[in-house]
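Convention: sequence-line order gives letters A, B, ...; per-chain numbering from 1. Quick caveat, the model's predicted, so the values are computed rather than measured.
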Number of protein chains: 2
Amino acid sequence: MDRYIDHIRRFNRAITLRMGTLDDSFLNLGRPFGEARLLYEIGPDGAEIRDLRARMGLDSGYVSRLLRALERQGLIETTPSESDGRVRVARLTAAGRAVYADVDRAGDTFAHDVLAPLKAEERERLVSAMDEVEKLMRGFAVRIGPEPAGGADAQTCLKDYFNEIAARFDDGFDPAVGLATGIDDMTPPKGLFLMARLDGKPVGCGAILAEPGGVAHLRRMWVAPEVRGIGLGRRLLEALEGEAAKLGLETIRLETNKALTEAQGMYRRAGYTEVAPFNDEHYADHWFEKRIDHHVAPASPV
Amino acid sequence: MDRYIDHIRRFNRAITLRMGTLDDSFLNLGRPFGEARLLYEIGPDGAEIRDLRARMGLDSGYVSRLLRALERQGLIETTPSESDGRVRVARLTAAGRAVYADVDRAGDTFAHDVLAPLKAEERERLVSAMDEVEKLMRGFAVRIGPEPAGGADAQTCLKDYFNEIAARFDDGFDPAVGLATGIDDMTPPKGLFLMARLDGKPVGCGAILAEPGGVAHLRRMWVAPEVRGIGLGRRLLEALEGEAAKLGLETIRLETNKALTEAQGMYRRAGYTEVAPFNDEHYADHWFEKRIDHHVAPASPV
DNA sequence: ATAATTATCTGACTTTAGTCAGATAAATGC
DNA sequence: GCATTTATCTGACTAAAGTCAGATAATTAT
């Protein structure tokens, strides 16, 4: 483990130094770093101010002042949102888009400078190593936590999940045919909805429903295709088991379709055993069950 | 090329987000970032102030003030250097070492968190991909430029070079036996000394001596072992040729030992042809020469 | 309909980061 | 031995970054 840690620390040190030159180019546009960053975050499609605030983790007064400065320079304009009169939407003007393009170009220049001293074969190796690092570091950046099942992102996740199983199940999927699971079933006290986010973007979900007899019924577990293969399914499952344990439940069970072979493998590896059908879910071919272990600490902090 | 650029930009974006959490931990020690960084740079072994200034690229007044602040907090103490009364050396006190350990731990924690969600085989892949990225990005960070041949770093470089060839040449190496090349020979107007630096650390050197008949005599070219295999030799050679061209010289020539096979390969690939001996350098087995092309732009900006 | 909440803004601050122009003392060049 | 250079320090700045306490208007909850 120590050997790995040394490698990672060396990498961090080197990369921080390299990225420093990128930050400099951000600064060398003759504009304060904060302004440039905000302008870049607004982006060509515009953004809601509350969203910017959340994404960048900044004080509302500070953001407001930065926006006013950008407005004075004629780089952005703000208009009230159509759906909610309190929120304002910031959008780049033509001049703002020009500055955005400059900032964007700084990234290109950096990439170009990195590639410049390399031969074709080395470039190939560099980008594939970068992809590997990025992919393997994704797992660390994923944050799992309870969220309202009725939220917009939760609904998007569930929709993506439905679309995927509709494509994979032999006979498609229609939520109206399957066992109903409403938003309130996945909301305390009846249940709980967990979401996994990568840099704020939803990349997975899962729910447990508290049922009579100390049973946690696991449903709607899904991992986005772009983050598969990094153990996120296992972590989500552990997190759901941890939540079930916190609720004092004793057994966790679930049903799954025969098309989802990799999911079945994961359940078995996680200690689930196949049991006789415990419900009549139309789309289910296999039923699994596991005793919840209350003696072991719940999943590592997520 | 565009494909590569996209990969690099994606990598930058992802890594910047990940590293953000590392910077935060730097900050969350309840101390200004600049102070924490300086303290960390001083390190457990202490450092000369002029060195800190050069390494971090900061104003002397600013560094002085930061040091005073750290001193007031009882984290460091400064003493004049033994060898040069103008230079001061900063050293951590016991309290300072404790804070250093905290900052250091933040790096460990980060590394640990990155590794936590990975399986053994994935950890292996992550660190080797990191090493690959780090190595291939080194080339971009190397800066080549003229420096005084008499400077401390230049002398260190030359000493490393002498040690290496002493070990590799069949009959060792003694500078007193070889053709003399003094500091002033490598100093304008008689010649020029180039040094390659990676993050400020010297990693290569080379000199040209202006000789009668429009000849640039190339000597003392060396690349540190830790940065070999990334095309630095070729870049140094190009930079030296560029300097020779700027001086209006017409021919570049050099001699080399038979033990340095990879150097000979590089010279040939760069368009040098083997010629009859043009001097009686004791350690030389091969002599090379190349016409300097004044029509082509000098090497890409270094 | 009224109260509580949410999103944004403004004014009045503080802290951090960084620059610039000397002053001083030690070392070096000639 | 005297002029120059080098390393550091201090004082006097400025700009950027960020915080905090309200004020206001729109929306949601009851």
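Atom P of nucleotide D:dA17 and atom CD of A:E35 are separated by 8 Å, given to the nearest angstrom. When rounded to the nearest whole Å, the span between CG of A:L38 and P of D:dA16 equals 15 Å. Following rounding to the nearest Å, B:D51 (CG) and D:dA7 (P) show an atom-to-atom distance of 11 Å. As a whole-Å value, the separation of A:E77 CD from C:dT8 P is 17 Å.
A donor-acceptor pair under 3.5 Å is absent between the side-chain atoms of A:E77 and the main chain of A:A90, judged by distance alone. Of the possible donor and acceptor atoms, none in the side chain of A:R88 sits under 3.5 Å from a partner among the backbone N and O of A:G85.
Base engagement by A:D59 is indicated by at least one non-hydrogen atom pair under 4.0 Å involving a base atom. Base contact: B:R65 has a heavy atom under 4.0 Å from a base atom.
Nucleotides of DNA chain D nearest to A:G61 and B:Y62 differ in position, and the one nearer the 5' end is that of B:Y62.
A sub-4.0 Å separation between OP1 or OP2 of C:dC9 and a side-chain N or O of A:R68 is present. Checking the phosphate oxygens (OP1, OP2) of C:dA7, no side-chain nitrogen or oxygen of A:R53 falls inside 4.0 Å. The phosphate of C:dT6 (OP1 or OP2) has no side-chain N or O of A:R86 nearer than 4.0 angstrom.
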